Amino acid sequence: MTSTLTSPSADRAGSARSGDVPRRRTRLLALPEVRWAAAATVLFLLALPLQLAGTPAWTWGPLYALSYATGGWEPGWEGLKALKDKTLDVDLLMVVAALGAASIGQVMDGALLIVIFATSGALEALATARTADSVRGLLDLAPATATRIGPDGTEQTLPVEELTVGDTVLVRPGERVGADGRVLDGASEVDQATITGEPLPAAKEPGDEVFAGTLNGTGALRVRVDRDASDSVIARIVRMVEEASETKAPTQLFIEKVEQRYSLGMVAATLAVFGVPLAFGEAFSEALLRAMTFMIVASPCAVVLATMPPLLSAIANAGRHGVLVKSAVAMERLGQVDAVALDKTGTLTEGTPRVTDVRPLPGSGLDEDELLTLAAGAEHPSEHPLARAVVAAAHERSLALPTAQDFASAPGIGVRAVIDGRTVEVGAPARLLDHADGDASPVAALAEELERCGRTAVLVVVGGAPAGVLGIADRLRPDAAATVTALTALTGTAPILLTGDNPRAAAHLAAEAGIEDVRAGLLPQDKTGAVKELEGAGRKVMVVGDGVNDAPALAAAHIGVAMGRAGSDLALETADAVIVRDELAAVPATVALSRRARKLVVQNLVIAGVFIAGLVTWDLVGTLPLPLGVAGHEGSTVLVGLNGLRLLRDAAWQRAATDRTA
């Protein structure tokens, strides 16, 4: 069934084919931190010229007071709540310092401190919001409504959340698929770039799987819903990363522990800076001003802000490019990797069997196309993966498939059908040769040759006599060899291959990809054992896989990465990161991006330490003006915040994708 109806969503097809996740950007003023910081800044800028112009205090004093209130109430309240829990918060110290400055007549300086501190908080909130934007943007892929077809053929438009497993939905040309499911009727091409990263639309016909959020082409499809909306591929991925902006990396947790001791020490030092000079006869106002300046410049605001913005920005950037990292912990660990273990099927390979060789036997009277046509005609009714590969190969050559009659399938043996009056059998050589006519040695030799090259041999028997052999294999991903090279450059050691496949096929594919260390025929516990062996040797291992049998190894590794296209539910839930678009080259790019984030964290810590040390020394040895102390300390806080946000730019991902020796 096809249709010529169009949909408004068809107008967005062009942008969808780019494969980019739709952008959903939080408006600046939608963040309360930004609104309060903006209000405090405006009030400060209104009061400052009035004060400098020498107008009466009643004209600018209330404006400064409002600036204190709008910019300082939220951090002050959070600080009081922390104090109630016996925790000394830096936010509260900043508010106290500002009020102390105002108490000795430095009203403008205290207001400047409040404004800059509020701006720093707004920058951190913006970084967190941008990360959440990249996650929520995935939800825009799925339509809000779908057309359900009732048992009597009636159509009903309803929210996708109301669809249940077993429902049948109609997907018109140009519409997005409303739910994960399988095609019952119709034929079309579906653009899956936003889910799988495939550059070309995938042909869909009855029996094919479709995903929520993918864009339908020119045909109409009837799809049986296989998953609830809350369990679709997009929804599962979103659930896994919604907590990304709320988690804390180990470095951040360490800083927060140090911050408590540091803050208590800073309070004691501030009292000493105030009390000691006062005891030796210094004026009260001068001693208090020096103490307030010390408290401000010694506060670890910039140190605390040094860690999260780079990691959150890296998460947001990776999310926009189809790599969803579940947490800041995972993003930090990606940069620590020094060993990589790769699964074979569905990770290094495409995960779909394809015909690689068509070998007619001498004397059969058939050429390649004729042999493939007969085999595909017999296999067409079968749902076996190898059968689909044979049929797909015939379609790729634009061969017209004959109609199969008297079709029969025998598990473990193959299929039999009558094609144009001739009996055609397709299946395992060892089984079919038992009752085939003629000399079996040429067939056995050809099958062995193909199997030595990592192929699965499929025999075609026509009229009771062997006619030819097909070679079927799971093809290496186009970017597999380049990815192996990039990971080797990043970690200093070549990746290893962990697979449950037979050693011969694994060795052949590993040679194509450039991998020397091959461990084949492994059960899930064997893969886990290999990872633990590497971990026990002091290596930080990243495992990349997609299947249920990879899940234990993903969990045991320092960091687990799942391929999103065909990844099992268990693998997706166990992994620390998901390659949504199924681009293997995104793995080294994400590792490089993580290492850039770690470098920015170190840069920020150095910047913050230098500013604090310099300003504290100036205040203790000389006389540091309060405005300069405020500008220097809070300026450093803003600086480290902006430095971390650099990783939000697309250029950061492009550099990570090209320079993989970070």
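All of these numbers come straight from a predicted model, not from anything done at the bench.
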Show, in sequence, the C-alpha distance, side-chain angles and deciding distance for I579 and V544, and conclude whether the side-chain contact (heavy atoms from CB on, under 4.5 Å) test is met. CA-CA 10 Å; I579 310 299; V544 185; 5.8 Å; no
For residues A592 and A656, report the shortest heavy-atom separation together with the two atoms involved. CB-O, 3.6 Å
Which pairs count as salt bridge (charged side-chain N to carboxylate O under 4.0 Å, His left out) when at least one residue sits in residues 508-523, sequence neighbours excluded? D517-R519, R519-E533
Flag the pair L221 / V177 as yes when at least one side-chain heavy-atom distance between them is below 4.5 Å, and no otherwise. no
Closest heavy-atom contact between V543 and L554? O-CD2, 3.4 Å
With D479, which residues qualify under side-chain contact (heavy atoms from CB on, under 4.5 Å), at least two apart? R477, T483, L584, A585
Side chain E162, main chain P159, donor-acceptor under 3.5 Å: no
Any sub-3.5 Å donor-acceptor pair from D576's side-chain atoms to A330's backbone N or O? no
How close do L401 and G377 get, counting heavy atoms only, and between which atoms? CD2-N, 4.4 Å
Looking at residues at least two apart in the chain, or sitting in another chain, which of them share a salt bridge (Lys or Arg N to Asp or Glu O under 4.0 Å) with R397? E368, D369
What distance do E209 atom CD and R224 atom CZ have between them, rounded to the nearest 0.5 Å? 10.0 Å
With sequence neighbours excluded, tell me which residues meet side-chain hydrogen bond (donor to acceptor under 3.5 Å, both in side chains) with H380. none
Please list, chain by chain and in numerical order, all residues satisfying salt bridge (Lys or Arg N to Asp or Glu O under 4.0 Å) with E449, sequence neighbours excluded. R359
Under the side-chain contact (heavy atoms from CB on, under 4.5 Å) test, which residues partner A447, sequence neighbours left out? P429, A457
Closest contact, heavy atoms only, E370 versus L366: OE1-CA, 3.4 Å
Hey, what do you get for OG1 (T147) to CZ (R222), rounding to the nearest 0.5 Å? 11.0 Å
Taking K326 for its side chain and A575 for its backbone only, find out whether a donor-acceptor pair lies under 3.5 Å. yes
When rounded to the nearest 0.5 angstrom, what is the spacing between OG1 in T373 and CD1 in I419? 10.0 Å
Heavy atoms, side chains only, cut-off 4.5 Å: are L459 and P466 in contact? yes
Taking side chain as C-beta onward, heavy atoms only, is L348 less than 4.5 Å from I515? yes
If the condition is side-chain contact (heavy atoms from CB on, under 4.5 Å), which residues does A375 pass it with, not counting sequence neighbours? V390, V426, V460, L470
Any side-chain to backbone donor/acceptor pair from T356 onto G471? Under 3.5 Å, distance only. yes
Side chains of L487 and M542 in contact at under 4.5 Å (non-hydrogen atoms): yes
Could you tell me which residues satisfy side-chain contact (heavy atoms from CB on, under 4.5 Å) with T349, sequence neighbours excluded, listed by chain and number? K344, T345, D474, L509
Rounded at 0.5 Å granularity, tell me how far CG in D226 sits from CG in D180. 8.0 Å
Going from CG on D526 to OG1 on T499, what distance comes out if it is rounded to the nearest 0.5 angstrom? 11.5 Å
If every non-hydrogen atom of A220 is compared with every non-hydrogen atom of L170, which pair is closest and at what distance? CB-CD1, 4.4 Å
Just jot down the salt bridge (Lys or Arg N to Asp or Glu O under 4.0 Å) partners of R148, sequence neighbours excluded, or say none. D167
How far apart are the closest heavy atoms of P360 and S364, and which atoms are they? CB-OG, 4.2 Å
Would you please test T590 and W653 for side-chain contact (heavy atoms from CB on, under 4.5 Å) and show each step? CA-CA 8 Å; T590 308; W653 176 266; 3.7 Å; yes
Any sub-3.5 Å donor-acceptor pair from R416's side-chain atoms to E425's backbone N or O? no
For T528, what residues pass the side-chain hydrogen bond (donor to acceptor under 3.5 Å, both in side chains) criterion, not counting sequence neighbours? none
Spacing of L342 atom CG and I496 atom CD1 [to the nearest 0.5 Å]: 8.5 Å
Side chains of D343 and M563: closer than 4.5 Å at any heavy-atom pair? no
For residues 457-466, which residue pairs qualify under salt bridge (charged side-chain N to carboxylate O under 4.0 Å, His left out), counting only residues two or more places apart or in two chains? none
In chain order, what residues pass the salt bridge (Lys or Arg N to Asp or Glu O under 4.0 Å) check against E396, with sequence neighbours excluded? R354
Does a side-chain heavy-atom distance below 4.5 Å link P503 with V518? no
Any side-chain heavy atom of D650 within less than 4.5 Å of one from N317? yes
